[in-house]
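One structure is given below, encoded as structure tokens.
Worth knowing before you read on, the calculation uses all heavy atoms, side chains too, and leaves out hydrogens, waters and symmetry mates. All values reported here derive from a predicted model rather than from experimental measurement.
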Amino acid sequence: MSPTHLNLFAYQVGFGDCFLLQFVYGDGDSDKRHVLIDFGTTGAPEAESGKLMQRVAEDIREKCRGAQLDAVVATHRHADHISGFATKSNGNGSGDIIRALQPRLVLQPWTEDLTLATDATGPRTKKTKATSGSSRAFSALQAMNTVAEQVVKLATDMPRGLPSGLAERLDFLGRDNTKNLSAVENLAAMGKAGQSSYAYFGMNDPLEDLLPGVITHVLGPPTVDQSATIKKQRATDNDEFWHFHARRVSTANSIDGNSRVPFDESYVFAKKGKLPREARWAAKHISDARGSQLLGIVTMLDKAMNNTSLILLFEVGGKRLLFPGDAQIENWSYALEQPGIAEMLAEVDLYKVGHHGSLNATPKSLWNGFNKRGNSSKKERMTSVLSTMAGKHGCEEKRTEVPRKTLVDELKHDTHFHSTQEMPVNELYTHVRIDF
């Protein structure tokens with residue numbers, strides 16, 4: 001048994017991702033399998049975001065027709081990907097609605113296994129409780145969340161002490177990196193009720209039993225054991241990033257484009273304090289930071305979190321569908337260097353644009369390798385779907401805005417392009433059909 005077509009519903013959630021994949025089996029649309037990939041927003045006004053995610057959850061429930069949701073995929077912990085999974089004490093939250101659909105599987109990156117040791121460099125195995133090593137790059141999602149919470153507090157309590165517009169941006173980035181405790185706990189509970197799987201590059205198909213006729217390849221993230229490069233985020237890459245022709249681009253981990261604030265493991269072992277050891281470096285640097293220096297610190301946390309993102313490639317009926325979450329260059333580099341992966345990705349038919357269209361989440365080596373991109377006359381032209389909201393990330397002056405204009409121009413020219421940002425305000429989702 002194989003699906004005849006896919007109905008992809010890309011929900012308009014402001015700055016965030018939420019995609020419902022409806023695999024349809026048979027001509028009568030009677031047999032359907034549903035996979036929800038991410039369910040979050042940070043772009044909608046705070047007073048409206050709960051109502052928006054409630055509407056989205058109710059629509060997902062309607063499309064599942066009250067049946068069980070086959071799988072929930074949370075690509076990584078950022079709020080704009082998981083905030084909708086939050087619950088309410090009265091049981092009427094958007095996360096409560098999704099949990100009531102009783103997903104058979106909750107799929108997350110290996111770094112989200114809450115039972116891992118703090119120095120784990122890979123997922124649990126059947127033979128060992130946890131893989132450990134000297135690296136502490138991902139031991140500290142908790143510590144990163146702690147830092148982000150401090151940044152939000154500073155931006156909220158002392159906005160007048162920061163340059164114009166900076167407090168708002170710090171608050172946005174900080175909230176995106178905070179713990180999202182209710183959502184995290186709800187995802188864990190859904191997994192216990194059904195099944196949890198913590199994914200990494202090259203693992204066996206985690207959805208094999210749920211999606212007949214569909215092969216799911218996990219292309220990221222690698223474990224630290226597989227690739228130590230994911231511990232750090234490089235700032236510029238003229239060959240891979242969408243810098244255009246800028247000779248100087250302010251780096252993600254710089255104060256003003258000249259002075260650098262290094263983000264490495266040496267800070268982890270800073271002076272003793274009340275914070276978790278993994279976050280002690282932040283105590284001094286946050287208290288000392290001013291202006292764009294603080295922005296550099298919180299931006300680095302944001303980048304590190306994106307390198308934990310899942311990259312999934314679905315293969316069905318001769319078509320290939322790519323969903324990379326917010327994966328950035330270190331995550332991508334490992335996959336593209338592995339035998340046969342670039343060739344597999346060359347035949348992608350549907351591309352969910354990485355990280356809302358940022359300059360470093362669609363490596364040019366990936367983009368240039370897509371055989372099915374081309375102008376409107378190209379036969380079997382590929383489709384791209386972008387969920388984004390301008391004005392939240394990056395800076396047009398520094399050519400780091402999200403979505404990056406040079407990338408969007410290419411997507412519009414070379415693919416059947418769909419963007420939630422271009423939808424009418426009153427529409428909840430855009431529908432894309434892929435026939436197999």
Side-chain angles (χ1 to χ4, degrees), residues 10 12-17 38 41-43 75-76 78 80-81 165 169 172-173 176 233-254 257 292 295-296 298-300 302-307 309 311 322-333 336 345 348 350-370 373-375 382-423 430:
Q12 185 174 207
V13 290
F15 197 94
D17 266 10
D38 289 332
T41 179
T42 51
T75 59
H76 62 297
H78 271 148
D80 61 318
H81 290 255
R169 189 173 175 202
F172 172 77
L173 281 172
D176 202 22
Q233 166 71 31
R234 70 178 180 262
T236 61
D237 188 320
N238 289 330
D239 293 328
E240 295 286 7
F241 297 175
W242 296 83
H243 291 311
F244 195 45
H245 295 299
R247 291 185 178 273
R248 292 193 54 168
V249 181
S250 181
T251 65
N253 55 346
S254 70
S292 57
L295 181 62
V298 72
T299 299
M300 285 181 280
D302 189 71
K303 302 294 186 185
M305 190 76 77
N306 284 332
N307 266 337
S309 185
I311 302 175
L322 180 59
F323 288 81
D326 281 1
Q328 297 187 141
I329 190 65
E330 286 76 15
N331 198 339
W332 271 119
S333 292
L336 291 169
L345 290 169
V348 162
L350 172 71
Y351 173 47
K352 196 292 293 188
V353 182
H355 194 211
H356 319 288
S358 72
L359 66 91
N360 61 350
T362 303
K364 288 186 178 179
S365 54
L366 172 71
W367 174 252
N368 292 333
F370 288 148
R373 65 182 181 87
N375 61 34
M382 70 182 292
T383 296
S384 64
V385 182
L386 172 63
S387 181
T388 195
M389 184 180 192
K392 291 297 182 180
H393 257 300
C395 172
E396 287 189 25
E397 181 180 308
K398 297 176 181 178
R399 298 174 180 173
T400 60
E401 80 281 0
V402 180
R404 181 71 184 107
K405 183 180 184 301
T406 50
L407 172 60
V408 171
D409 288 346
E410 289 281 317
L411 290 165
K412 287 182 175 180
H413 183 269
D414 281 359
T415 73
H416 296 295
F417 179 66
H418 303 264
S419 173
T420 59
Q421 183 173 285
E422 298 182 359
M423 292 169 53
T430 184

Taking all atoms of both residues into account, what is the closest heavy-atom pair of [X] and [Y], and its distance?
X: G357; Y: V402; result: C-CG1, 4.3 Å
X: S384; Y: F417; result: OG-CD1, 3.3 Å
X: L407; Y: S358; result: CD2-O, 3.8 Å
X: Y351; Y: A361; result: OH-O, 3.8 Å

Donor-acceptor side-chain pairing of D38 and T75 below 3.5 angstrom: yes
Mind checking what makes side chain to side chain contact (heavy atoms under 4.5 Å, CB included) contact with A10, not counting sequence neighbours? F19, V385, T420, T430
Could you work out, with side chain to side chain contact (heavy atoms under 4.5 Å, CB included) as the rule, every residue matching M389, not counting sequence neighbours? F15, K392
Expected output: side-chain [X] to main-chain [Y] donor-acceptor under 3.5 Å:
X: K352; Y: G325; value: yes
X: N331; Y: S309; value: yes
X: S387; Y: G16; value: yes
X: W332; Y: T362; value: no

Spacing of [atom1] belonging to [X] relative to [atom2] belonging to [Y], to within rounding of 0.5 Å:
X: H78; Y: D326; atom1: NE2; atom2: CG; result: 7.0 Å
X: E401; Y: T406; atom1: CD; atom2: OG1; result: 7.0 Å
X: N360; Y: Q328; atom1: CG; atom2: CD; result: 4.0 Å
X: N307; Y: S333; atom1: CG; atom2: OG; result: 9.0 Å

Under the side-chain contact (heavy atoms from CB on, under 4.5 Å) criterion, do T400 and L359 qualify, and how do the steps go? CA-CA 7 Å; T400 60; L359 66 91; 3.7 Å; yes
Between I311 and L322, is the side-chain contact (heavy atoms from CB on, under 4.5 Å) condition met? List the steps. CA-CA 8 Å; I311 302 175; L322 180 59; 4.0 Å; yes
According to salt bridge (Lys or Arg N to Asp or Glu O under 4.0 Å), who are the partners of E422, at least two apart in sequence or on a separate chain? K412
For side-chain contact (heavy atoms from CB on, under 4.5 Å), just list the numbers for T388 and H355, CA-CA rounded to whole Å, side-chain angles, deciding distance to a tenth of an Å, and then say yes or no. CA-CA 8 Å; T388 195; H355 194 211; over 6 Å; no
Side-chain contact test, heavy atoms from C-beta onward, threshold under 4.5 Å: evaluate it for D414 versus W367 and give yes or no. yes
Find out whether L345 and L336 are in side-chain contact, i.e. whether some heavy atom of one side chain is under 4.5 Å from a heavy atom of the other. yes
I'd like to know if E396 pairs up with R399 as an ion pair, taking the criterion as any Lys NZ or Arg NE/NH1/NH2 lying under 4.0 Å from an Asp or Glu carboxylate oxygen. no
Kindly indicate, with the supporting measurements, whether the criterion side-chain contact (heavy atoms from CB on, under 4.5 Å) is fulfilled by L366 and V348. CA-CA 10 Å; L366 172 71; V348 162; over 6 Å; no
Over 12 foreign heavy atoms within 6.0 Å of NE2, H413: no
Tell me if the centroids of the rings in H81 and H356 come within less than 6.0 Å of each other. yes
